[in-house]
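Single-structure report; data block below.
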Number of protein chains: 2
Amino acid sequence: MKNSNTDIPSCTKCGNTSGILCNLSMKEKDELSCGKQENVFKKGEVIFKEGHNAYNLFCIHKGKVKLSKLGKDGKEQIVRLAKAGDILGYRSLLSNEPYHGTATAMEETEICIITKEVFQKVNEDNYKLSLNLIQLLSKDLKSAEQHLIDVAQKTVKERISEALMLLIDSFGYLEDKRTINVALTRSEIADLAGTTTETTIRTLAQLSTDNIIKLEGKNILVTNYKELVKTSNTYD
Amino acid sequence: MKNSNTDIPSCTKCGNTSGILCNLSMKEKDELSCGKQENVFKKGEVIFKEGHNAYNLFCIHKGKVKLSKLGKDGKEQIVRLAKAGDILGYRSLLSNEPYHGTATAMEETEICIITKEVFQKVNEDNYKLSLNLIQLLSKDLKSAEQHLIDVAQKTVKERISEALMLLIDSFGYLEDKRTINVALTRSEIADLAGTTTETTIRTLAQLSTDNIIKLEGKNILVTNYKELVKTSNTYD
DNA sequence: GATAAAATATGATTTAAATCAATGTTTTGT
DNA sequence: ACAAAACATTGATTTAAATCATATTTTATC
């Protein structure tokens, strides 16, 4: 983690538009900015760790982050993906609990670190923000429950297809509109879909044979999105 | 559903102490009570249905409720259990979304039905309540994520053991301190653990052979809780 | 209290996916 | 540029749990 002069601007001048903090007033953004730290995490670096005490709110300015939890004999399960504008750690801050998962940078990622006190202050004074947080949690809970059912009931092929859809949903495509804009290892895709590396490789190969995707190293090109959705057996 | 004169009291006189609404001031409880409906649901009756528009908050006065979602080819997955004092449907109300799951009475259950408007009003005026809701959601999300990892990584025996622990945690024991205070069918236990009825039956039989539980019809007696925890492979 | 319906139980078989094993291919750091 | 490490691939084998099939017991209903 590099804690140096980055070119991350103050919250009032942040270019991100999609995050939950983006709707705050200038005054509130100013409050948040006050004393915030800006840090750059390299690919693979851990931002915070499951079980550790929570003192900060993390707001992604640029980059990609995975949130994972450890399961049986250390097997990792990716529970959420986050991108620019998304905030991390707020659950633990508001509930006074240790971090629920481990956040790891998936590529060079710029993050603003806001103290618990500042965040709580802003939250207390803004019912709208609380409501947005509730809605965010609600959304996360919904997708966690969906994910749960998927893992419990779907086949690996369906789950891998859905994992790819989640990646597209979270990070979109490159300029060519077909290459998924994130490079995961096969093992990470496995951690997302809740299966093993070998099975993931075989299943991706199968999806490739079915002409649904095209594999170019770590890049995955989606050549038939409609069929991918069908294969994932998703209806909503 | 019987919508008749029940003996459910006004919120100000509600005897429950564990729920999120119990900490409200008398004035707020009075507001909630205003215009609330009291209903009795018989065992098996549906309180609200997944996908339907959400107009009400449900507060359990007495009884037991399961929340489930439908998965592939109609297989049910129980995502949460609720008891006296617990509220249902608040997520959908606050996010303006359809109900995320289906709530079904597991036994004769008395429920207070509060309108969206009344609930929102009380919520808006009370930061403490918002915070409590956030913490509740946070807790639910945490357990959903844990459940997800369990289903993805644990064996059926571990999951069934954990399901029993969840039942104990949610509903406790009968007076004898060993009989789990809820009667589920084997198929419902399967829906909770994410497996099939046959496998559940076999696994329960095995736990019985291991002298961890004792089966008496639908009643399940826990004779060795420590070993049950061990078998569930849970560490928190 | 008879009869249907639902729930429980048990055995046999199949199957999807994990595991084990070995090898080839990229990345990464020095 | 090179070695070491990390990652990807493919094949063979095992296994946990689902599925299928059928019988028995319990529970509800007329």
Side-chain angles (χ1 to χ4, degrees), chain A residues 42-45 66 71-77 104-108 149-163 182-209 213-220 231-233, chain B residues 42-45 71-77 104 106-108 149-163 182-209 213-220 231-233:
Chain A
K42 286 205 290 265
K43 181 178 173 171
E45 280 190 327
K66 66 173 175 181
K72 252 177 68 176
D73 21 83
K75 176 143 175 57
E76 191 178 335
Q77 173 77 46
T104 311
M106 295 166 75
E107 56 180 42
E108 175 137 326
I149 295 195
D150 291 346
V151 170
Q153 301 188 9
K154 287 190 172 179
T155 64
V156 163
K157 196 175 179 185
E158 291 169 330
R159 266 143 57 200
I160 298 259
S161 301
E162 208 169 14
V182 64
L184 296 174
T185 65
R186 303 288 128 120
S187 147
E188 282 176 314
I189 298 176
D191 292 341
L192 190 56
T195 179
T196 59
T197 308
E198 294 94 322
T199 300
T200 300
I201 288 167
R202 282 184 248 263
T203 307
L204 285 175
Q206 214 190 319
L207 290 173
S208 175
T209 306
I213 61 172
K214 199 153 171 289
L215 298 169
E216 294 181 350
K218 285 224 191 342
N219 282 334
I220 299 174
T231 306
S232 80
N233 209 345
Chain B
K42 285 204 292 267
K43 181 178 173 171
E45 279 188 328
K72 254 175 67 173
D73 21 85
K75 176 144 177 56
E76 190 177 337
Q77 172 78 45
T104 310
M106 296 166 74
E107 56 181 43
E108 175 138 327
I149 295 195
D150 291 346
V151 170
Q153 301 189 7
K154 286 190 171 178
T155 64
V156 164
K157 196 175 180 186
E158 290 169 332
R159 266 143 55 200
I160 298 258
S161 301
E162 208 168 14
V182 64
L184 295 174
T185 65
R186 305 286 129 120
S187 145
E188 283 177 312
I189 298 175
D191 292 340
L192 190 55
T195 179
T196 60
T197 308
E198 293 96 320
T199 300
T200 300
I201 289 167
R202 281 183 248 262
T203 307
L204 285 175
Q206 212 191 321
L207 289 174
S208 175
T209 307
I213 61 172
K214 201 154 170 287
L215 297 169
E216 292 180 352
K218 285 228 193 334
N219 282 335
I220 299 174
T231 306
S232 80
N233 208 346

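Values in this document were obtained by computation on a predicted structure and should not be read as measured data. In what follows, every chain begins at residue 1, and chains take the letters A, B, ... in the order their sequences are listed.
With respect to the salt-bridge test (charged N to carboxylate O, under 4.0 angstrom), the residues B:D150 and A:K72 do not qualify.
A side-chain contact (heavy atoms from CB on, under 4.5 Å) with B:T195 holds for exactly one of B:T155, B:V156, B:T203, B:I189; it is B:V156.
Counting only distance, with no hydrogens or angles, the side chain of B:R186 and the backbone of B:T200 share no donor-acceptor pair below 3.5 Å. Checked by atom type and distance alone, the side chain of A:E108 never pairs as donor or acceptor with a backbone atom of A:K42 at under 3.5 Å.
Taking NZ from A:K157 and CG from A:L207, the interatomic distance works out to 6.0 Å, rounded to the nearest 0.5 Å.
Atom CG in B:D191 sits about 14 Å away from atom C1' in C:dA7, given to the nearest Å. Atom CG of A:N219 is separated from atom C1' of D:dA8 by 15 Å (rounded to the nearest Å). The distance from atom CG of B:L215 to atom P of C:dT8 is 11 Å, rounded to the nearest whole Å. For the pair B:K157 NZ and D:dA16 P, the computed distance is 12 Å after rounding to whole Å. D:dA17 atom C1' lies 14 Å from atom CD of B:E158, rounded to whole Å. A straight line from NZ of B:K72 to P of C:dA16 spans 11 Å, rounded to a whole angstrom. Regarding A:R186, its CZ atom lies at a distance of 10 Å from the P atom of D:dT10, rounded to whole Å. Spacing between atom CD1 of B:I160 and atom P of C:dT8 amounts to 13 Å, rounded to whole angstrom units.
Taking a 6.0 Å sphere around NZ of B:K75, one finds it holds more than 12 heavy atoms contributed by other residues, nucleotides or ligands.
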Just the table, please: protein N/O against nucleotides 28-30 of chain C N/O, every pair under 3.5 Å.
none

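Within residues 194-203 of chain B, the residues that have a heavy atom under 4.0 Å from DNA chain D are, in order of number, B:T195, B:T196, B:E198, B:T199, B:R202.
Dashed line: the shortest gap from a side-chain N or O of A:K218 to OP1 or OP2 of D:dA8 is under 4.0 Å.
Taking both residues in full, the closest heavy atoms of A:S208 and A:L215 are given as CB-CD1, 4.2 Å, listed atom of the first, atom of the second, then distance. B:E162 and B:S232 make their closest contact through N-CB, 3.8 Å (heavy atoms, listed as atom of the first residue, atom of the second, distance).
Taking the nucleotide of DNA chain D with the nearest heavy atom to each of B:K154 and A:S187, the more 5' of the two is matched to A:S187.
You'll find the side chain of B:T185 reaches within 4.5 Å of the side chain of B:E188, heavy atoms only.
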